[in-house]
K.L.:
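Sharing a structure, written as structure tokens. Questions coming.
Lettering follows sequence order; numbering is per chain, from 1.
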Amino acid sequence: MQKKEDLAKDRLLWMYTQMLRIREFEERIKRTFVEHPGVIRGHTHLGDGAEASIVGALATRSENDLAMPSYRCHGYPIVLGTSTKKMMAEIYGRKDGLCQGFGGSMHLADPAHHFPGTSGIIGQAIAHATGAALTAQVKNTGQVIYCFFGDGSSKQGAFYESLNMAAVWKLPIVYVLENNEYQVYTHVSLEDANHAAGDPLSQKAKAFSIPGVTVDGNDVLKVYEEVGKAAERARAGRGPSLIESKFYRFSAHGNAITVPPVPTQFPEHEAIETYGKKDEYAAAKAKDPILQFRTKLLGSGVLSEAENKRIEETVRAEMEEAVKFALASPFPAPEEAVKYVYA
Amino acid sequence: MQKKEDLAKDRLLWMYTQMLRIREFEERIKRTFVEHPGVIRGHTHLGDGAEASIVGALATRSENDLAMPSYRCHGYPIVLGTSTKKMMAEIYGRKDGLCQGFGGSMHLADPAHHFPGTSGIIGQAIAHATGAALTAQVKNTGQVIYCFFGDGSSKQGAFYESLNMAAVWKLPIVYVLENNEYQVYTHVSLEDANHAAGDPLSQKAKAFSIPGVTVDGNDVLKVYEEVGKAAERARAGRGPSLIESKFYRFSAHGNAITVPPVPTQFPEHEAIETYGKKDEYAAAKAKDPILQFRTKLLGSGVLSEAENKRIEETVRAEMEEAVKFALASPFPAPEEAVKYVYA
Amino acid sequence: MPREMMYGEAIATAIVEEMKRDGDVIFYGQNLGMTEKDHMVRLFGKNRVRITPISETAEMGIAVGAAMTGLRPVVELWMSEFMLVAMDQALNEAPRLRYMTGGQVKVPLVFKAGYGFGAGWAGQHSNCIYHMMMGIPGLKVALPSTPADAKGLLTAAIRDDNPVVYLHHYMLTLDRGEVPDGDYVIPFGVADVKRAGSDVTLVATGWMVKKSLAAAEVLAKEGISVEVIDPRTIAPLDVQTIVASVKKTGRLVLVDQAPRHASVAVIIAGEVAEHGFQYLKAPVKMVTALDTSVPYSEPLEKFVLPDEDKIVRAVKAAMARQAATV
Amino acid sequence: MPREMMYGEAIATAIVEEMKRDGDVIFYGQNLGMTEKDHMVRLFGKNRVRITPISETAEMGIAVGAAMTGLRPVVELWMSEFMLVAMDQALNEAPRLRYMTGGQVKVPLVFKAGYGFGAGWAGQHSNCIYHMMMGIPGLKVALPSTPADAKGLLTAAIRDDNPVVYLHHYMLTLDRGEVPDGDYVIPFGVADVKRAGSDVTLVATGWMVKKSLAAAEVLAKEGISVEVIDPRTIAPLDVQTIVASVKKTGRLVLVDQAPRHASVAVIIAGEVAEHGFQYLKAPVKMVTALDTSVPYSEPLEKFVLPDEDKIVRAVKAAMARQAATV
Ligand SMILES: Cc1ncc(C[n+]2csc(CCOP(=O)(O)OP(=O)(O)O)c2C)c(N)n1
Ligand SMILES: Cc1ncc(C[n+]2csc(CCOP(=O)(O)OP(=O)(O)O)c2C)c(N)n1
Ligand SMILES: [Mg+2]
Ligand SMILES: [Mg+2]
């Protein structure tokens with residue numbers, strides 16, 4: 001893996017582009033609730049705000065490494081090379097969706113692109129990712145597993161049990177604790193003992209005697225650096241690490257939960273709606289990871305305004321295509337529902 | 001609470017006596033498997049070796065404080081004032097048993113003596129004890145809850161989730177992690193990431209930003225001192241602490257697991273049977289907490305040889321009575337079985 | 001004087017009233033009472049209304065310990081499947097402690113959760129898992145289908161000295177209905193005849209009661225008189241009322257949102273095979289979810305779940321079947 | 001050439017043979033393979049035989065993740081109730097992932113556990129919780145009752161591409177029986193007629209098969225010919241074989257170690273009420289555990305659990321009942 005200082009222009013622009021792709025994809029999802037109400041069912045969670053953290057982490061991957069996030073899962077496969085058309089179609093419940101309409105937003109999966117699948121039940125996928133790392137170790141594949149989960153999820157027993165086992169067995173896995181300050185309506189200060197005591201959440205690593213680091217999750221290169229070290233450590237057989245990546249979720253937890261036929265949509269962020277903290281939200285927005293990276297790339301001459309515009313347009317066109325593709329795709333035939341129960 | 005240096009002779013002898021009572025009770029249980037095969041059914045776990053840890057901890061109690069241990073639960077009620085006759089009768093499955101024969105060894109309970117009940121499922125009672133501490137806080141009773149569980153149990157999600165909540169809510173509870181080095185056949189080095197890295201298990205406290213201390217669990221006064229500090233802290237509203245008390249289990253995990261009518265009995269300790277480490281076992285026995293405390297009390301003149309003999313005899317007579325009482329007690333009537341399903 | 005209320009409102013009202021009535025009742029869960037502005041916090045303070053981390057094992061286990069020592073916790077668990085990460089507390093701790101201690105402790109608590117999110121919540125959030133809580137002696141389970149039942153059963157649950165799993169159906173949250181005022185308590189184990197009829201007995205719970213009543217309306221127009229029974233609690237289960245109805249109608253159709261072997265339907269069918277066999281003029285008929293997880297996409301989900309049409313068809317099939325000739 | 005083996009031995013043999021056959025099979029759990037002297041460690045090494053902490057959620061969840069990515073884990077869980085602390089992994093993860101991903105992954109694993117410790121293990125260790133695993137599409141459940149079935153079903157379970165819960169009965173561990181040599185695989189979903197008979201059909205699983213066969217022997221002496229059927233797997237459940245037998249005998253008695261509403265018995269009764277009603281000459285009769293937790297003391301425990309006597313009495317009662325007159 002390259003040092004962050006040595007990243008070539010191409011690679012930097014690739015990272016920047018992935019961040020834009022995630023953002024634009026999520027924007028289109030969000031707009032769907034307004035433009036095509038009822039098209040997206042159930043519960044959908046967006047990753048805007050997490051772009052630097054996702055891309056910085058996954059930019060450290062080797063070819064066959066796996067990404068295993070939670071139900072807030074749109075960002076990762078975008079970086080891994082999954083078709084955004086199929087992703088959009090899945091979230092729209094269509095036959096051409098990634099999972100043929102069986103999974104929806106919370107259960108995207110694309111094993112062919114190193115994305116084996118997710119769980120909607122908090123903390124449980126941390127164990128699944130740990131199991132994937134066991135496969136890598138038993139079969140000696142050289143893979144590293146990138147496991148992502150939220151600040152709230154780090155209070156689920158599965159987190160603790162999994163990290164202990166990964167540490168004892170020295171499994172090749174990097175645990176990225178995405179601290180976006182909230183679990184649904186709850187601010188981390190109300191439910192995390194470390195935070196309540198003024199300590200970083202990465203201190204939980206001490207319960208497993210593994211490295212625990214907190215990193216600015218709005219800075220894609222810092223994430224790249226810290227996750228990179230952890231990945232190298234994992235690949236070298238020295239076991240897991242816990243990286244607390246701190247950033248802010250820009251959208252509300254998910255679309256409003258309403259009983260059909262009441263139309264659903266995205267409410268305001270909880271900082272505003274529940275706590276009335278407009279300043280907190282504005283301050284977080286000011287640290288937008290995409291803005292920051294763009295400014296840096298423009299400043300260092302890696303990116304020109306023209307190039308930026310071109311990238312933005314390409315990304316916009318891609319997601320426009322994705323929406324069109326999804327809308328045009330047929331629904332699965334009802335009788336298909338009995339497929340895939342057993343292998 | 002008194003400082004350990006200021007403990008009066010009476011109190012020291014009380015502590016010593018309780019340790020002997022626990023040991024003798026467990027010896028009688030163990031002998032039952034030989035003297036009255038078949039009388040004790042299911043699975044029975046003994047607390048010999050834990051006497052200093054149990055007594056040192058519970059000697060710091062205020063009158064209404066509760067003790068909530070795991071299934072290895074004989075020692076605690078003995079100290080709390082529960083009738084050893086009724087305990088023995090329960091383990092013998094009799095009508096006059098503490099739970100009228102419904103519970104057995106793993107499920108002793110005596111709420112009237114501040115011992116609300118136990119669970120046979122690993123880790124789950126840690127949450128129950130935490131709930132009892134919630135009652136104490138909500139009702140402002142001034143109680144402290146003493147929660148005991150094993151090294152193995154500290155790898156169950158319930159441990160982690162409970163301690164986080166207790167820390168966030170600053171509940172009045174002391175968590176005593178009884179590190180007797182084994183969970184059934186498994187040495188702690190094989191399953192605990194802290195231990196594997198050469199760190200104490202009390203380091204887990206860092207995951208909750210609460211005090212974490214390791215204490216010599218064979219030294220009743222040291223346990224008294226550390227648990228006492230934690231209890232005072234808890235009572236003062238400053239929240240939970242984790243005390244790792246290190247001692248050794250002198251008996252095998254439990255009686256052999258066999259299908260009736262094969263007679264069951266206590267096998268050799270796992271250190272010998274599984275690992276062939278006779279030396280480890282002998283070294284642990286040399287640190288017998290009762291021997292140590294007796295030597296100390298004899299040395300300091302608190303106890304005379306004659307007095308020691310008298311105490312030993314009284315204890316022996318008590319447990320002899322308990323066995324007689326239990327054997328003489330009738331079995332519950334079969335039809336009783338449908339009682340107590342609902343309150 | 002009865003008051004019209006939404007199902008969700010009836011639930012909230014029961015909690016508030018019981019907390020006013022009894023200072024030992026506490027209420028906690030995830031994403032509750034974040035700030036001092038919260039309605040419940042304003043009424044009862046942060047000592048009795050608490051927010052928890054995503055720690056179901058601790059949340060539920062703490063309730064067990066708190067109940068053993070004198071509180072009456074109501075735990076908000078949001079979605080019944082979340083209980084699966086901590087099922088031991090609901091099934092192997094709360095209902096067994098009284099028994100194991102020979103009656104020395106009681107464990108009065110309510111585990112409250114929504115279920116049956118048949119609206120695109122897909123494979124892990126939409127399931128009906130109530131069958132797991134049946135056959136667990138010591139545990140009670142309520143599945144209200146109307147605002148009045150929601151209020152009366154929750155009030156009973158909070159006052160009960162035993163652990164109760166109270167499951168309210170997501171799809172009914174906004175449904176309106178009359179709720180008797182004041183101290184309204186519905187005893188557990190008493191089924192309710194939601195619609196009287198004479199040709200066929202139809203048993204359903206939760207959302208399926210609504211669908212069954214709609215189907216009964218359609219069938220009435222075709223001259224088939226359907227008696228719709230809602231057991232309301234599935235533990236205890238009021239088999240007697242169902243058998244009495246079958247005695248009258250001779251025919252039994254069971255509707256359930258769960259897959260067949262996870263259904264209350266199949267359990268009732270089994271009970272009637274033992275206790276109501278002599279009254280049956282035709283085989284029992286079950287309308288359950290298909291044997292799949294719940295899929296995301298709407299047409300798939302619709303195909304899997306029971307609906308009015310399927311119920312109508314099942315009732316007609318039951319009517320068409322001749323009496324068994326033995 | 002068949003070989004006599006103990007039930008427990010048959011289970012161990014199946015694991016060893018499958019691990020020899022397929023390098024992707026791994027075996028782990030608590031208190032397994034502590035040292036290099038361990039039989040399994042010697043055979044397969046510490047990479048494939050592993051010891052775990054008391055962390056069922058991680059143990060089971062890791063199996064799910066490992067299965068999704070190419071291994072075939074067999075997880076030793078010792079006692080089925082321990083799964084309750086991690087039930088989500090068994091019921092809401094393993095069996096749903098294939099479906100939710102539209103068939104993109106498979107999750108071939110075995111959760112192996114003992115159950116039914118009816119020997120003084122008391123309230124939390126002796127229960128039968130298999131009903132919770134029924135009606136979970138995607139999940140398979142085996143309950144072998146003989147050494148041969150133990151071997152054949154475990155072999156099938158390990159080779160199955162789906163998650164399987166394999167529950168072996170504690171009380172049968174030392175029972176001996178002939179086990180066919182070599183590659184012996186019993187397909188899932190095929191009930192076995194353990195004893196042919198013509199007067200009454202008796203269905204049971206696990207330990208209850210043994211008790212039912214003993215009861216059938218007693219009844220034979222009194223001139224009642226009992227057909228004893230063991231479904232062997234309860235998911236899938238072979239209803240057809242049972243209905244075919246009822247068609248022949250006209251009478252059905254169901255025996256189950258679980259309390260009534262947690263039993264397979266009541267589910268089979270329900271199925272027969274729909275699919276075999278026309279063949280029944282008398283009401284179905286169930287012999288299940290009483291509705292209590294399992295008590296510690298021997299006379300209490302005996303009172304609660306089904307036994308030979310209770311089965312004999314139930315069969316006689318079923319024989320005495322007249323055909324339903326409709
Ligand atoms: C066991 C369980 N409990 C509760 C939930 C409901 N739930 C879904 S997402 C969520 C919040 C997760 O917060 P966090 O881990 O911080 O991730 P974020 O949403 O911030 O990305 C909760 C409580 C669940 N899915 N599973
Ligand atoms: C959830 C669960 N898993 C496994 C067991 C089986 N079990 C009973 S005692 C025990 C060992 C506990 O070890 P530890 O916590 O160190 O306590 P100790 O026995 O040493 O006092 C185990 C694994 C159980 N009872 N519950
Ligand atoms: Mg978060
Ligand atoms: Mg131990």
K.L.:
Is B/C99 close to C/M100 at the side-chain level, that is, under 4.5 Å between some pair of heavy atoms?
P.N.:
no

K.L.:
Which one, C/I26, C/I54, C/I62, leads in non-hydrogen pairs under 4.5 Å with chain B?
P.N.:
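Of the options given, most contacts go to C/I62.
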
K.L.:
Below 4.5 Å from any heavy atom of chain C, which atoms of B/L108 appear? Answer side chain, backbone, both or neither.
P.N.:
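Neither part.
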
K.L.:
What part of B/A158 gets closer than 4.5 Å to chain C, counting heavy atoms only: side chain, backbone, both or neither?
P.N.:
both

K.L.:
Once you leave out hydrogens and angles, what donor-acceptor pairs under 3.5 Å do chain C and chain B share?
P.N.:
unit_1 : atom_1 : unit_2 : atom_2 : d
C/D24  : OD1    : B/K139 : NZ     : 3.1
C/N47  : ND2    : B/V138 : O      : 3.0
C/R50  : NH1    : B/Q137 : OE1    : 2.9
C/R50  : NH2    : B/Q137 : OE1    : 2.8
C/T57  : N      : B/E161 : OE1    : 3.1
C/A58  : N      : B/E161 : OE1    : 3.0
C/A66  : O      : B/T135 : OG1    : 3.2
C/T69  : OG1    : B/T135 : OG1    : 2.7
C/G70  : O      : B/K139 : NZ     : 3.3
C/Q89  : OE1    : B/H128 : NE2    : 2.8
C/Q89  : NE2    : B/Q124 : O      : 3.4
C/Q89  : NE2    : B/Q124 : OE1    : 2.9
C/E93  : OE1    : B/S119 : OG     : 2.8
C/E93  : OE2    : B/S119 : OG     : 3.0
C/Y99  : OH     : B/A337 : O      : 2.6
C/M100 : O      : B/G103 : N      : 3.3
C/Q104 : NE2    : B/L98  : O      : 3.1
C/Q104 : NE2    : B/A109 : O      : 3.0
C/G138 : N      : B/Y342 : OH     : 3.3
C/L139 : O      : B/Y342 : OH     : 3.3
C/N162 : OD1    : B/A343 : N      : 2.7
C/N162 : ND2    : B/A343 : O      : 3.4

K.L.:
Please classify the contact of B/A337 with chain C as side chain, backbone, both or neither, using a heavy-atom distance under 4.5 Å.
P.N.:
both

K.L.:
Count the heavy-atom pairs under 4.5 Å between each of C/P137, C/G61, C/A86 and chain B, then report the option with the highest count.
P.N.:
C/G61

K.L.:
Is chain B contacted by the side chain of C/I51, its backbone, both, or neither, given a heavy-atom distance below 4.5 Å?
P.N.:
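It is the backbone, since no side chain atom gets that close.
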
K.L.:
Locate the shortest heavy-atom distance separating B/A127 from C/A58; write the atom from each residue and the value.
P.N.:
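Shortest heavy-atom contact: CB-CA, 4.3 Å.
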
K.L.:
Does any heavy atom of chain B fall under 4.5 Å from the side chain of C/L139, the backbone, both, or neither of them?
P.N.:
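Only the backbone of C/L139 comes within 4.5 Å of chain B.
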
K.L.:
Counting heavy-atom pairs under 4.5 Å with chain B, which one of C/G23, C/P163, C/P95, C/P53 comes out on top?
P.N.:
C/P53

